[in-house]
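Reviewing the structure listed below.
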Amino acid sequence: MQLLYPALLALLTFTTPSLSAKKPKDAILLSSVKTLTLRSNALTSHRRVSAIPQLKCVGPACKHHAVERMRCTNQGSSYNEEDIEWSCTADMPEDFKLGSTEVTCEGYASRDDPYILKGSCGVEYRLLLTEQGEERFGKSGSSWTGSGDGAGGSKFGGDGEEGVGAEVDGVLVAVIHMILLLHILGRDTRLSKKDGDLDSGQEQLLG
């Protein structure tokens, strides 16, 4: 028994540091974050990489409006404990609605570290136009169509620009046709004054 106590003490001495090692106070598990509040005029905290805006708007509708404050709520994990799904909301005019959102955070020690740097999360969001917004700004003001679930495509100024191009092409064709017609008629007049009658080769030209 007397030999057992020194052995246990030595074992605890070697194992205690690794067992009691703790992450710094600014390193937290993403799964432990319940809500995120982000602002348009603020940057994320950073340690290994450069700071980024807390809110980043993408899409043509961003030229009409930018979200000032957004709140994202942890909806639980999907594939693993740290693969978190978020539900984000923001107050905005009736002309706009949120499309897809993507939350990104800086891994504390590496990109794959389950611990993140506190305050390093940012959101990239797509801003869409509602039906009311499309009436005000036009459908070209939003690159996505549909219900706002992030699916859809883009089309910028399609109908209007194609219509102008068709009109220009029509005018050019008419002008070219008129020039050719005047050229043929002028040649016909010159030949008639000079020879009086047309030979077979000239008949083919006019026929």
Side-chain angles (χ1 to χ4, degrees), residues 22-161:
K22 295 181 179 179
K23 288 284 186 179
K25 292 182 179 180
D26 57 351
I28 57 176
L29 285 171
L30 184 59
S31 57
S32 67
V33 179
K34 302 305 179 185
T35 60
L36 294 170
T37 300
L38 308 112
R39 294 175 174 81
S40 61
N41 59 350
L43 296 176
T44 62
S45 59
H46 63 104
R47 178 172 177 268
R48 297 184 301 103
V49 297
S50 301
I52 61 173
Q54 290 186 3
L55 290 175
K56 179 182 178 182
C57 183
V58 295
C62 299
K63 64 184 178 183
H64 303 299
H65 180 73
V67 173
E68 295 183 357
R69 184 174 179 271
M70 184 179 295
R71 185 180 181 87
C72 297
T73 305
N74 187 330
Q75 297 295 313
S77 59
S78 53
Y79 299 106
N80 58 64
E81 292 183 358
E82 302 309 317
D83 185 14
I84 307 299
E85 295 183 353
W86 300 90
S87 174
C88 299
T89 58
D91 293 330
M92 61 186 71
E94 295 181 354
D95 296 333
F96 307 96
K97 61 183 178 181
L98 276 180
S100 59
T101 57
E102 182 177 359
V103 177
T104 57
C105 307
E106 180 183 336
Y108 193 85
S110 68
R111 181 177 181 178
D112 299 324
D113 193 345
Y115 284 84
I116 64 166
L117 176 66
K118 186 177 181 180
S120 67
C121 295
V123 174
E124 180 177 288
Y125 66 95
R126 183 167 292 276
L127 192 63
L128 305 175
L129 293 177
T130 60
E131 291 184 2
Q132 179 175 318
E134 289 181 349
E135 292 178 358
R136 179 179 178 185
F137 301 107
K139 291 187 177 181
S140 61
S142 176
S143 65
W144 290 83
T145 58
S147 60
D149 58 359
S154 61
K155 185 178 183 180
F156 306 104
D159 295 339
E161 292 179 0

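The basis for the numbers below is simple: all heavy atoms, side chains too, and nothing from hydrogens, waters or symmetry mates. The model shown is predicted, which means the values in this text are computed figures rather than measured ones.
R47 places a side-chain N or O within 3.5 Å of a backbone atom of Y108 that can act as its donor or acceptor partner. At distances below 3.5 Å, at least one donor-acceptor pair connects side-chain atoms of R48 with backbone N or O atoms of G107. Between the side chain of S100 and the backbone N or O of R126 there is no donor-acceptor pair closer than 3.5 Å. Judged purely by atom type and a 3.5 angstrom limit, T44 has no side-chain atom pairing as donor or acceptor with the backbone of C105.
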Q: Evaluate side-chain contact (heavy atoms from CB on, under 4.5 Å) for C57 paired with V67, printing each intermediate quantity in order.
A: CA-CA 8 Å; C57 183; V67 173; over 6 Å; no
Q.
Assess the residue pair D91 and R69 against the criterion (side-chain contact (heavy atoms from CB on, under 4.5 Å)); give the C-alpha distance rounded to whole Å, side-chain angles, the decisive distance to 0.1 Å, and a yes or no.
A. CA-CA 8 Å; D91 293 330; R69 184 174 179 271; over 6 Å; no
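With hydrogens and angles left out, the side-chain atoms of S40 and E68 include no donor and acceptor closer than 3.5 Å.
Taking the side chain as every heavy atom from C-beta outward, C72 and T101 never approach each other to under 4.5 Å. Between E124 and V58, some side-chain heavy-atom pair lies under the 4.5 Å cut-off. R71 places a side-chain heavy atom less than 4.5 Å from the side chain of T35. Between L127 and H64 there is no side-chain heavy-atom pair separated by less than 4.5 Å. Side-chain contact between V33 and I84 is absent, with no heavy-atom pair separated by less than 4.5 Å. You'll find the side chain of V103 reaches within 4.5 Å of the side chain of L36, heavy atoms only.
In summary, D113 and K23 engage in a salt bridge, as defined by a charged side-chain N under 4.0 Å from a carboxylate O.
Not counting sequence neighbours, the partners of Q132 by the side-chain hydrogen bond (donor to acceptor under 3.5 Å, both in side chains) test are D95. For Y115, the side-chain hydrogen bond (donor to acceptor under 3.5 Å, both in side chains) criterion is met by no residue, not counting sequence neighbours.
Rounded to the nearest 0.5 angstrom, R136 CZ and T130 OG1 are separated by 10.0 Å. The CD atom of Q54 lies 10.0 Å from the OG atom of S120; values are rounded to the nearest 0.5 Å. Here S32 contributes atom OG and E81 contributes atom CD; the two are 11.5 Å apart, rounded to the nearest 0.5 Å.
Evaluation of the ring pair (Phe, Tyr, Trp, His ring centres under 6.0 Å) test over residues 80-105, restricted to residues two or more places apart or in two chains, returns H65-F96, F96-F137.
Atom CD of Q75 has more than 12 heavy atoms from other residues, nucleotides or ligands within 6.0 Å.
Of all non-hydrogen atoms in I116 and C121, the two that sit nearest each other are CD1-SG, 3.8 Å. Closest of all the heavy-atom pairs between L129 and G138 is CD1-O, 3.5 Å. Looking at every heavy atom in both residues, N74 comes nearest to S31 through ND2-O, 3.5 Å. For L98 against A90, the heavy-atom pair with the smallest separation is CD1-N, 4.2 Å.
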